[in-house]
**Student:** 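Okay, handing you the structure first.
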Amino acid sequence: MLRLLAAAPNGLGVADLGNALGLAKATVHGIVRTLHQVGFVEQDRSGAHYRLSDAFGRLGETYLDPNELRSRAINWADSLASRSGEVVRVGRLVEGKVVVVHHVFRPDDSDQDLDVGTTLPPHACALGKAVLAFDTSGASKPKALEAFTTRTIVDPTRLADELAAVRAKGWAGEFEEHTVELAGIAAPIRGLGGLVVGAVGLTGRIERICDSRLRHRTDLVTMVRATAEAIGRDLRDDR
Amino acid sequence: MAEQYVAAVDQGTNSTRCILFDRRGRLVSVAQREHRQYFPKPGWVEHDAAEIWRNVTRVVPAAVRQIGADPGQIVAIGITNQRETSLLWDRRTGQPIGHAVVWQDTRTDRLITELAGDQGADRFQDLCGLPLTTYFSAPRLRWMLDHTPGLRARAERGEVLFGTMESWLIWNFTRGADGTGGLHVTDVTNASRTMLMNIETLEWDDQLLAAFDVPAAVLPEIRPSSGVFGTATTVLPGVRIGAALGDQQAALFGQTCFSPGEAKCTYGTGSFLLLNTGKEIVRSTHGMLTTVAYQIGDQPAAYALEGSMAVTGSLVQWFRDGLGLIHTAAEIETLARTVEDNGGAYIVPAFSGLFAPHWRSEARGVIAGLTSYITKGHLARAVLEATGFQTLEVVDAMNADSGIALKALKVDGGMTANNLLMQFLADLLDVRVVRPMVTETVSLGAAYAAGLAVGYWPDLEGLRSNWHRAGQWLPNMDPERRATEYANWQAAVQRTFGWIRPEQ
Ligand SMILES: Nc1ncnc2c1ncn2[C@@H]1O[C@H](COP(=O)(O)OP(=O)(O)OP(=O)(O)O)[C@@H](O)[C@H]1O
């Protein structure tokens, strides 16, 4: 099907594809829809014809430009910061480190410095765990786990369990694992085809992020997950 | 009691959106719809006003529905709009007469030259604060009256109504059950962009009406920007319309630049820097526009100086669509970061002449300093830096006009997602560049002005406390390098002048 589309710069309709391949219309439709969802084919204005998108030719390149991720995330991240009252960051995994792609100040007008471009240890922060949990490259599995506080997870087996838990619940929590008295919550951002392209999360003092039983506040978890979902929707929709 | 919200309707150039804000000025829902752009001839740009109103009737309920609110929870509507786009409609049927003529439309260029005559483009500047250019509404209105058979006579009989987009929306929001009789009003900020309002009296000026040959009968009543205009009879029946402001003035309000000396710049397709000058009407000798910033109820109006840059985000679009060097606007930052500096290249985007502070219509763009060393990375830098240099030119001009040196620049708009550009701005201007938590400052400003009118917010101080810093860039450039870069830019600008030569 991809070959047919590549040979037809003006695009092909579902019927054309079905005839050429000897497939039922419903089957073709299902395949085309999947290819469209992952961004390999695009629809023309009328919606009747499909053609190969240029993203297909760029498969080897970085999947999502980090600056594009920031552009898409900016409004949602602002809204999360203003509703939660906490610092918000968007990060992604690059060569085994979490790189901060976007940073929104805590909305209290105190002196804060932008840390876009700096890196964080993925095993020791919520943002990192949210992306590590969905990483398949393997290259990003840290070899030696550095301890930052007594609560940092340094045992690879424990980290694996923790990441499995993140996958199961769909968000990651952190509790004094990087800096004493700070806690965090993050959720993965899913781009085209459901691929995790980064994470968005907030960080703040324990007493604000956790409830009296030191569990991550469910209202904040809901907010963070909704933010990640909204950014992802923006990334997936705009095709 | 259920939470209450203010609804902002932002009628923009490409789309119309409705955003709801809560009491702390936080965005709670957004609905948006694009409308069609018509380009009937080169240089002509039109919108279908009926389509735009239909979009309003869709996005407002959609925004309310999104959070499961009921219309009773909306305390006020604030309207903000693309400025200067002009429209005539039939008083009786409410039908638009032809399409609305958009601010970017240059069909009036010949008329402008005629009107300027020997006295020059600034002949009305004392009265209305604006130079004669194709941007403002009066020449457009005159063009419509001249080019539609029979229209002038009907206009003189009061059968047709003129308005910019906020007038059209308010008229439709307040129409009677029998389909007629909406309020025909505008606000001081929008009126200040027509060239027909006297900038001191804030009333239609007979001398200007005569000069443009426009009958007074077509003009709306001028009202304060913040104050109850009337009550909606449709879409959100019973909800008061509390404000109307032009988009750039709304952004100034949304950024809470309420004191003289406070400035904001909105970085979108074009960019607009507005400096609050308080009650003082500052007349520019450096190519800035004098405009009304806002008027709250019966208080004296606040004025502003405005510097407009025609091509900023659209240069990035050209780099993407015209040259195809990037796939999305944001990728320009990635490309620009592949090199350390501009490599000596400067791009002056005088695509259709130069705006503030030069106002040279015969200028055309250049890429200066081109050598075989230059890569696409350098050009990407030059594209972003062009926005920085244009801002510096405007800031310099404003400082000279107002005698107030800028202390910090509040920024908003799509380009503020670009960290490289924001840092370059701080470096070049040598001031703090600050991005607020709500980037939708245009809508926020309209909401603020409307909420203020109905007592949802008590006063300006209350609004100020809603403003929070989301990001900040501090200057960090060697002064010598700054001076050299600026001198190079200015030399490049010189090379754009005089490109279009009068026909033989
Ligand atoms: N990350 C980025 N870097 C550089 N330029 C950008 C970036 N993101 C967006 N832009 C530019 O900003 C412009 C869009 O900004 P914005 O959405 O504020 O537009 P606008 O002028 O307000 O449009 P409208 O009138 O439709 O609301 C485009 O011209 C685009 O090229």
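Values below: all heavy atoms of this structure, side chains included; hydrogens, waters and symmetry mates excluded. Throughout, protein chains are lettered first and strands after them, A, B, ... in sequence-line order, and every chain is numbered starting at 1.
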**Student:** Quick check on the interface: out of A/Ser82, A/Ser71, A/Ala73, A/Ala77, who has the most heavy-atom pairs with chain B under 4.5 Å?
**Tutor:**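 Maximum pair count with chain B is reached by A/Ser82.
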**Student:** In Å, rounded to the nearest 0.5 Å, how long is the span from CG of A/Asp16 to OH of A/Tyr50?
**Tutor:**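 Spacing of CG (A/Asp16) from OH (A/Tyr50) equals 12.0 Å.
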**Student:** Pick whichever of B/Ala470, B/Gly471, B/Gly414 has the most heavy-atom pairs under 4.5 Å with chain A.
**Tutor:**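 The candidate making the most pairs under 4.5 Å is B/Ala470.
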**Student:** Where on A/His103 is there a heavy atom nearer than 4.5 Å to chain B: the side chain, the backbone, both, or neither?
**Tutor:**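 For A/His103, the contact with chain B is made by the backbone alone.
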**Student:** About how many Å separate CD of B/Gln32 and CG of B/Asn14, when rounded to the nearest 0.5 Å?
**Tutor:**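 Rounded to the nearest 0.5 Å, the CG-CD separation comes to 9.0 Å.
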**Student:** For A/Asp115, is it the side chain, the backbone, both, or neither that has a heavy atom closer than 4.5 Å to a heavy atom of chain B?
**Tutor:**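 A/Asp115 has no heavy atom closer than 4.5 Å to chain B.
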**Student:** Angle between ring planes, B/His35 versus B/His47, binned at 30° and 60°: parallel, tilted or perpendicular?
**Tutor:**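 The rings of B/His35 and B/His47 stand perpendicular, inter-plane angle above 60°.
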**Student:** Using non-hydrogen atoms only, which part of B/Arg435 is less than 4.5 Å away from chain A: side chain, backbone, both, or neither?
**Tutor:**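 For B/Arg435, the side chain is the part near chain A, not the backbone.
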**Student:** In terms of ring plane angle, is the pair A/His216 and A/Phe175 parallel, tilted or perpendicular, where the classes change at 30° and 60°?
**Tutor:**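 Rings of A/His216 and A/Phe175: perpendicular, as their planes differ by over 60°.
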**Student:** A/Thr227 side chain to A/Met223 main-chain N or O, any donor-acceptor pair under 3.5 Å?
**Tutor:**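 Checked: pair present.
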